[in-house]
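Note that the structure is predicted; figures quoted are calculated from it, not measured.
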Amino acid sequence: MKRSIAILITLVFMGGLFSGDFNKQIWRQLSGSAFVDNVSYPVLQRICDEAGGRLVGSKQNEKAMDILIEELKKLGLDAKRESFNMPGWVRGDDEVKLLEPTERTLRCAALGYVNQTPPFVAPLVNGHSGQKEILDSIDVHGKIVLIPPEKPKKGKQPLRSEVIRYAAANGAKAVLFVNNKIGGLMRAGTFSFQGEPAPIPGFSITYEEGQWLKRLLEAGKMTRLKITTRSYCTPITTANIVATIPGKVKDKIVLGAHFDSWDFGQGGIDNGNGSAILLEVARLIHQIHPQNHFTLEFVWFNGEELGLWGSKKYMEKHGKEPIAAMVNMDMTGRPTGFNAMGFDDFLPFFEALVENLQGYNLTVGAISRPWTNSDHMPFMMQGIPTFTLTAHLDKDQGRFYHSFGDTFDKVRSDYLSQAAGVISIMVVELANRPQLPFQKLDKEAVTRMLKKFNLDEILKRQKEWSFE
């Protein structure tokens, strides 16, 4: 109650502070240039078409970094690599083949950190929702476990990593996760956020072939498959890309987007969108408003898809530096509002932005709902104020998440311009208002915030909980 009253008083005060206080002339320059002069769309096309999918550690990822640095330097931004080591993973020519009652090679995608295993033949069994009590109650020993996209009758839906561990503990040979979207889609993903090899192979298979296997089992047909896993784990050296616009003080605001993608498509939306918007925001601020109170650091993080490695390594190196705030862009589409991500003291600021950005369709307004599993997380868990946009993606932009269809043709240049305009305005205002509440939360306050939004449970299940 006391906090609500304090926020209300702050809102009234800040409303008065912001009245006529925004530099609308700069806003118009930033917003107009985001449409008239936008370079992010053709740069992203180069990255997608000339390099392709950017799985961290791959030649495609390296080539894409070369292109990005080249384009940043054309804009007058001194971009550099910051190298780091991480547990890497290389996708091999994996094969899941149905042998009985008929022969067919299935479409499959090994999960990240699935390790090379000798070929084996085993019967299939339905693992239903994959909950521990279910896999404990059926005979999965020496078998391949099929996990259809069904919700548990009671209890929580297990994570894929949990299902693999439950199945392995009961002697299973492999797990096949059936995609929940129609259209022959396979959905890539990682087994682990810590980089340890999966105890048994885990694969994503298509909805259509998964339903076929399920029908065979329900009909009582002997169903045997042969699995060959050639993907493997290996340590790699990669890099984040960093460009800095110095401010009057060394305290900095970090603007980030992950640069890597899965390898099936081109990473057009995930996270070509965010990477391109970050490029455009850097251009806008560098060309239109380079003199700011706070230093601005633009970081294209690598290795996000395998466990947020780039942002984790960035915080290992820079975490003790004075970081005032972090802004994350991950699959950012057409802006609909601002998310204070649990740092509620900034809500008055974002409310004032929404009220004054009348030309944008910011129907969601200003909210405060933190979430996990993107590059803001290592900052948020250190108590650093962390923000994102709320944003809209078209159906086909979101539908092909982590699959072959995530290609450049899904990208909309007008969405890139809208997002870059809004974010550049937000960042210029943040970067020149040291009176805003940039205080870092202590460990106890971060713990309370994460628990308030029930994020502690998922972080514990992913083995990412670093508190208590």
Any donor-acceptor N or O pair under 3.5 Å, side chains S40, N38: yes
- line: Sorted by chain and residue number, the ring-ring contact (aromatic ring centres under 6.0 Å, His included) partners of F338 (sequence neighbours excluded) come out as F350
message: Could you go through R107 and E209, starting from their C-alpha distance and side-chain angles, then the distance that decides it, and tell me whether this counts as salt bridge (charged side-chain N to carboxylate O under 4.0 Å, His left out)?
response: CA-CA 8 Å; R107 298 186 67 192; E209 291 182 329; over 6 Å; no
message: Taking ring-ring contact (aromatic ring centres under 6.0 Å, His included) as the cut-off, I'd like each qualifying pair that reaches into residues 435-458, sequence neighbours left out, listed once.
response: F294-F438, F346-F438
query: Under 3.5 Å, is there a donor-acceptor pair between the D270 and H258 side chains?
result: yes
task: Would you please say whether a donor-acceptor pair under 3.5 Å links the side chains of N179 and S204?
output: no
D94: salt bridge (charged side-chain N to carboxylate O under 4.0 Å, His left out) partners, not counting sequence neighbours: none
- request: Return yes if some donor-acceptor pair links the side-chain N/O of H293 with the main-chain N/O of N432 below 3.5 Å, else return no.
  value: no
query: Between the side chains of D260 and N61, does any donor sit under 3.5 Å from an acceptor?
result: no
task: Apply side-chain contact (heavy atoms from CB on, under 4.5 Å) to E444 and list each qualifying residue two or more places apart in sequence or on a separate chain.
output: D442, R448
message: Among residues at least two apart in sequence or on other chains, which ones pass side-chain contact (heavy atoms from CB on, under 4.5 Å) with R399?
response: I182, L185, D396
query: What residues, two or more places apart in sequence or in another chain, satisfy salt bridge (charged side-chain N to carboxylate O under 4.0 Å, His left out) together with K156?
result: E457
- prompt: Which pairs pass ring-ring contact (aromatic ring centres under 6.0 Å, His included) with one or both residues in residues 409-431, sequence neighbours excluded?
  reply: none
message: Can you see whether T332 engages N273 through a side-chain donor-acceptor pair at a distance of less than 3.5 angstrom?
response: no
Short side-chain donor-acceptor distance under 3.5 Å, T336 and T390: yes
- prompt: So, is the end of the K313 side chain (NZ or CZ) under 6.0 Å from the ring centre of W309 and within 45° of the ring's axis?
  reply: no
- prompt: Taking side chain as C-beta onward, heavy atoms only, is L306 less than 4.5 Å from W262?
  reply: yes
query: Sub-3.5 Å donor-acceptor pair from the side chain of Q266 to the main-chain atoms of G272, do we have one?
result: no
message: Restricting to salt bridge (charged side-chain N to carboxylate O under 4.0 Å, His left out), what partner residues turn up for E133, sequence neighbours left out?
response: none
- request: Mark yes or no for whether E355, through its side chain, and A352, through its backbone, hold a donor-acceptor pair below 3.5 Å.
  value: no
message: Test of understanding: with side-chain contact (heavy atoms from CB on, under 4.5 Å), list the residues that count as partners of S192, not counting sequence neighbours.
response: Y113, Q194, E196
query: Does the D406 side chain pair with the main chain of F400, one donor and one acceptor, at a distance under 3.5 Å?
result: no
query: Got a sec, which residues hit ring-ring contact (aromatic ring centres under 6.0 Å, His included) with Y41, two or more places apart in sequence or on another chain?
result: F408
Pair E304 + R54: basic N to acidic O under 4.0 Å: no
field: Partner set under salt bridge (charged side-chain N to carboxylate O under 4.0 Å, His left out) for E82, not counting sequence neighbours
entry: K317
- request: For N271 and G267, indicate whether the former's side chain and the latter's backbone hold a donor-acceptor pair under 3.5 Å.
  value: no
task: Say whether T244 and E297, considering side chains only, have a donor N or O and an acceptor N or O under 3.5 Å apart.
output: yes
query: Which residues satisfy the side-chain contact (heavy atoms from CB on, under 4.5 Å) test with V43, sequence neighbours excluded?
result: I47, E71, L279
- request: Scan side-chain atoms only and decide if H402 and E305 contain a donor-acceptor pair under the 3.5 Å cut-off.
  value: yes
message: I want to know whether W27 and F22 have ring centres closer than 6.0 Å.
response: yes
